[in-house]
Q: 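The structure that follows is given in the form of structure tokens.
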Amino acid sequence: MHKTSCFLQALKARRTRYALTDKSPVPDTEIIQTVQTAVLHAPSAFNSQGTRALVLLGERHREFWQIAHQALARIIPVNKFAPTAQKIASFAAAHGTVLFFEDWKAVETLQEKFPAYAENFPIWAYQANAMAELAVWTAFNELGLGASLQHYNPLVDEGVQHAFGVPAVWKLVAQMPFGTPYAPPDKKTFLPVEERVLVLE
């Protein structure tokens, strides 16, 4: 198979997976190396390399979802909290979580160095982060790991800084619980691609 075809097949196979166990088909060392490689080679504007990732395993993984549970419990009425608690518990039941951050010092450095583009650097930083997220997500699927992408920031930001000692300049962008899937993904529907990709000749 052509290399490009292999890449596109991997991209097509990546799906949101919520039904995850705490098992992994590969050793944790391979999971860590996969995240490292994906983040290292994901592109960024001006090669700023501001994306940061924190791989949480074992008790630290479960600790993060306890932080999320507590943060959400403070803002959701008790009589309506059960569905949220169930969802958080399902993420905690997975094998691990990758937290994605952007180092805002890298953004501010570029803003100072290139003031004409200052307002664009935050946008480009989030774009770079998204590319790293997709790279990790797709690579995980190739390993036999399912994953989903969550966004409980900024509710959990303070708890994450205190619990895991991340620098205050790291801006939390997304959370990716992962593990071995035990159920098929939901059916995915698509808009006509002709409405999304236009060609001019």
Side-chain angles (χ1 to χ4, degrees), residues 14 16-42 49-76 81-106 125-126 128-183:
R14 181 222 53 83
T16 294
R17 308 295 289 264
Y18 293 117
L20 304 173
T21 73
D22 64 354
K23 306 300 181 185
S24 172
V26 296
D28 288 346
T29 52
E30 189 167 353
I31 292 171
I32 295 166
Q33 290 170 356
T34 297
V35 176
Q36 290 174 331
T37 301
V39 170
L40 184 65
H41 293 285
Q49 303 180 63
T51 298
R52 305 288 182 262
L54 180 60
V55 182
L56 301 175
L57 299 164
E59 287 301 321
R60 305 316 298 273
H61 152 71
R62 288 182 283 275
E63 183 179 358
F64 169 75
W65 291 108
Q66 183 61 30
I67 291 169
H69 182 282
Q70 292 172 349
L72 289 161
R74 287 194 288 268
I75 64 170
I76 299 175
F81 189 63
T84 297
Q86 185 176 9
K87 180 182 287 188
I88 296 298
S90 73
F91 299 143
H95 184 72
T97 300
V98 182
L99 304 185
F100 291 91
F101 303 82
E102 275 297 309
D103 185 344
W104 224 246
K105 182 176 175 59
Y126 286 126
N129 205 279
M131 288 188 277
E133 293 161 21
L134 177 61
V136 171
W137 201 347
T138 304
F140 274 180
N141 190 71
E142 291 291 281
L143 294 178
L145 290 164
S148 69
L149 198 64
Q150 305 302 319
H151 301 89
Y152 288 102
N153 44 291
L155 291 173
V156 298
D157 288 13
E158 185 177 351
V160 166
Q161 286 183 12
H162 288 315
F164 306 122
V166 298
V169 292
W170 286 20
K171 189 178 184 69
L172 185 60
V173 177
Q175 306 88 51
M176 184 180 290
F178 62 87
T180 299
Y182 63 85

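These numbers come from the heavy atoms of this one structure, side chains and all, not from hydrogens, waters or symmetry mates.
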Q: If every non-hydrogen atom of Ala132 is compared with every non-hydrogen atom of Thr51, which pair is closest and at what distance?
A: CB-CG2, 3.9 Å
Q: If we only count heavy atoms from C-beta on, is the Val26 to Ile31 side-chain gap below 4.5 Å?
A: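 Yes. Closest side-chain heavy atoms under 4.5 Å.
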Q: Tell me which pairs pass side-chain hydrogen bond (donor to acceptor under 3.5 Å, both in side chains) where either residue lies in residues 129-139, with sequence neighbours left out.
A: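 For residues 129-139, and leaving out neighbouring residues, the side-chain hydrogen bond (donor to acceptor under 3.5 Å, both in side chains) pairs sorted by first residue read Glu102-Asn129.
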Q: Parallel, tilted or perpendicular for Tyr126 and Trp104, by the 30°/60° rule?
A: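 Geometry flag for Trp104 against Tyr126: tilted rings.
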Q: Show your working on side chain to side chain donor-acceptor pair (under 3.5 Å) between Gln175 and Asn153 and close with a plain yes or no.
A: CA-CA 9 Å; Gln175 306 88 51; Asn153 44 291; 2.8 Å; yes
Q: Would you name the heavy atoms of Thr97 and Phe178 that are closest together and state the gap between them?
A: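 Looking at all heavy atoms of both residues, the closest pair is N-CE2, 3.4 Å.
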Q: Nearest heavy-atom pair of Gly159 and Ile67: which atoms, and what distance?
A: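 Answer, listing the atom of Gly159 first, then Ile67: O-CD1, 3.6 Å.
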Q: Test your reading of the model: is there a side-chain donor-acceptor pair from Ser90 to the backbone of Lys87, 3.5 Å cut-off?
A: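 Yes, Ser90 side chain to Lys87 backbone: donor-acceptor pair under 3.5 Å.
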Q: Calculate, to the nearest 0.5 Å, the distance between atoms CD and CD1 belonging to Glu30 and Ile32 respectively.
A: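 Rounded to the nearest 0.5 Å, the CD-CD1 separation comes out at 11.0 Å.
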Q: Could you pull out the closest heavy-atom pair between His69 and Ala85, with the gap in Å?
A: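 Residues His69 and Ala85, closest heavy atoms: NE2-CB, 4.0 Å.
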Q: For Leu20 and Pro177, work out which heavy atoms get closest and say how close.
A: CD1-O, 3.8 Å
Q: Who are the salt bridge (charged side-chain N to carboxylate O under 4.0 Å, His left out) partners of Arg14, not counting sequence neighbours?
A: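 Testing Arg14 for salt bridge (charged side-chain N to carboxylate O under 4.0 Å, His left out), a comparison that skips the adjacent residues, returns none.
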Q: Below 4.5 Å, heavy atoms only, C-beta onward: do Val160 and Trp170 meet side chain to side chain?
A: no
Q: Can you find a heavy atom in the side chain of Phe64 that is under 4.5 Å from one in the side chain of Phe164?
A: yes
Q: Show, in sequence, the C-alpha distance, side-chain angles and deciding distance for His95 and Thr21, and conclude whether the side-chain contact (heavy atoms from CB on, under 4.5 Å) test is met.
A: CA-CA 6 Å; His95 184 72; Thr21 73; over 6 Å; no
Q: Counting N and O atoms only, with roles assigned by atom type, does the side chain of Arg52 sit under 3.5 Å from a partner on the main chain of Lys171, one being a donor and the other an acceptor?
A: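 No, because the side chain of Arg52 does not come within donor-acceptor range (under 3.5 Å) of the backbone of Lys171.
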Q: Mind checking the CZ-CZ spacing from Phe81 to Arg74? Nearest 0.5 Å is all I need.
A: 10.0 Å
Q: Strictly distance-based, threshold 3.5 Å: is any side-chain N or O of Ser148 a donor or acceptor partner for the main-chain N or O of Tyr18?
A: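 No; judged by distance alone, with no hydrogens or angles, the pair does not exist.
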Q: What are the two closest non-hydrogen atoms of Pro181 and Gly146, and how far apart are they?
A: CD-N, 3.5 Å
Q: For the pair Arg17 (side chain) and Thr180 (backbone), establish whether a donor and an acceptor sit closer than 3.5 Å, ignoring hydrogens and angles.
A: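 Pair absent, no side-chain N/O of Arg17 close to backbone of Thr180.
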Q: Would Arg62 and Gln66 count as a side-chain contact (heavy atoms from CB on, under 4.5 Å) here? Give the steps.
A: CA-CA 6 Å; Arg62 288 182 283 275; Gln66 183 61 30; over 6 Å; no
Q: So for atom CD, which belongs to Gln70, do other residues, nucleotides or ligands contribute more than 12 heavy atoms lying within a distance under 6.0 Å?
A: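 Enclosed.
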